[in-house]
Amino acid sequence: MTVAAVILSATPEGALADTLGQPRVRRLADLAWSGGALPIVVLSPDPDGAVAAALAGSEAVYGTPAPPEAGPRGQMVRGAELALDDVADTTAVLLWPARMTWVGPETVTSLIEAHGTDAGTLLRPAWHGDPGWPILLPAVHLGALRAVAPNRMPPDVVADLVAAVPSRIIEMGDPGVIHDVETAPADLPAYEGPPDPPAGHTHEWGADVAAEAGLTEPG
């Protein structure tokens, strides 16, 4: 399975905002790559080339946004199409608003693993049952994304997709999926991790191997 990350910023100011010492989209590109997403596409207005420059040396590529009249749906489609052009066998895309700066790389990895066992389902990460971002959209459902009206805002785009294609909410134990840049890092709830394997299965020998490796505490 090849899962791309499509990072979307509506403004260059948002894309370049300092986030723990890095431009926001550079931080997100590094997080996406650490979690196993590739290719990584960043869409943002970039009148002076500063956004593209911020991505230099990373695994991400800069993409020119769709026309504003295409709406949020159009930007998502544009990013997905660029990812598929870059790597033809991409099977899904993570649609990632740049304001969601605190998503952990473990969540990216977990979504990719879940996609591997549930390839046709739209996946939504959740924190304590509240679904957030990034969503994982299988490439086979790009037609449903294209069918969304251009005036629909991102939460409405997700609602329309959920109404049109199979979907599943997966608890990630990651507060970053619902807390955006308006939440200071010091104010984030603690990361907990998923309570169940995101891929939906476990190996019977997993606990024994973990115990032998010293990864579990004695009961």
Side-chain angles (χ1 to χ4, degrees), residues 3-65 72 75-76 79-80 82-83 86 92-114 123-137 153-155 158 170-195 198:
V3 176
V6 174
I7 298 165
L8 303 156
S9 179
T11 67
E13 293 78 15
L16 296 169
D18 183 274
T19 307
L20 300 183
Q22 289 182 298
R24 185 175 298 161
V25 291
R26 177 57 183 263
R27 170 181 166 77
L28 291 175
D30 291 347
L31 285 172
W33 181 80
S34 296
L38 206 65
I40 301 164
V41 177
V42 173
L43 261 64
S44 169
D46 192 19
D48 60 5
V51 176
L55 299 173
S58 75
E59 299 296 329
V61 296
Y62 171 75
T64 304
Q75 306 307 329
M76 295 176 188
L82 288 173
D86 191 30
V93 294
L94 291 164
L95 299 174
W96 195 331
R99 72 178 187 278
M100 308 305 297
T101 54
W102 311 130
V103 176
E106 301 90 348
T107 292
V108 175
T109 302
S110 293
L111 286 168
I112 293 171
E113 290 177 349
L123 302 177
R124 306 170 69 194
W127 165 256
H128 292 190
D130 190 1
W133 301 89
I135 65 167
L136 184 147
L137 179 70
M153 292 295 101
V158 176
I170 306 177
E171 180 58 50
M172 290 293 176
D174 180 356
V177 305
I178 66 167
H179 291 89
D180 66 11
V181 70
E182 297 301 321
T183 301
D187 295 332
L188 282 173
Y191 176 85
E192 298 172 359

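What you see is a predicted model; the values in this text were computed from it and never measured.
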Shortest non-hydrogen separation from E59 to W33 and the atoms involved: CG-CD1, 3.1 Å

Shortest non-hydrogen contact from I112 toward G35: CD1-O, 3.8 Å

Say whether, by atom type as modelled, one donor and one acceptor occur between the side chain of Y62 and the main chain of A53 under 3.5 angstrom. no

Is any side-chain heavy atom of M172 less than 4.5 Å from a side-chain heavy atom of L111? yes

Which atom of L123 lies closest to which atom of P125, heavy atoms considered: O-CD, 4.1 Å

Would you give the length of the straight line joining atom OG of S58 to atom CZ of R27, rounded to the nearest 0.5 angstrom? 14.5 Å

What distance separates R99 CZ from T183 OG1, expressed to the nearest 0.5 Å? 11.5 Å

Within the distance-only criterion (no hydrogens, no angle test), does the side chain of R24 pair as donor or acceptor with the backbone N or O of T19 below 3.5 angstrom? no

Closest non-hydrogen contact found for A60 with L55 is CB-CD2, 4.2 Å

Any side-chain heavy-atom pair of E171 and H128 under 4.5 Å: yes

Is the shortest side-chain heavy-atom distance between L82 and V61 below 4.5 Å? no

Close side-chain approach of W102 and L31, heavy atoms under 4.5 Å: no

Check whether R124 reaches the backbone of D130 with its side chain - one donor and one acceptor, N or O, closer than 3.5 Å. no

Within the structure provided, determine whether L8 and W133 are in side-chain contact (heavy-atom separation under 4.5 Å). no

As an exercise, state the distance from OG1 of T101 to CD of E182, rounded to the nearest 0.5 Å. 9.5 Å

Residue pair I170 / S110, side-chain heavy-atom distance below 4.5 Å: no

Sub-4.5 Å side-chain heavy-atom contact between P194 and E106: no

Considering all heavy atoms, the nearest P45-V51 contact: O-CG2, 3.8 Å

Among all residues two or more places apart in sequence or in another chain, which pass the side-chain hydrogen bond (donor to acceptor under 3.5 Å, both in side chains) test with T107? D174

Looking at every heavy atom in both A98 and V25, which two are closest together, and how far apart are they? CB-CG1, 4.5 Å

Is Q22 close to D30 at the side-chain level, that is, under 4.5 Å between some pair of heavy atoms? yes

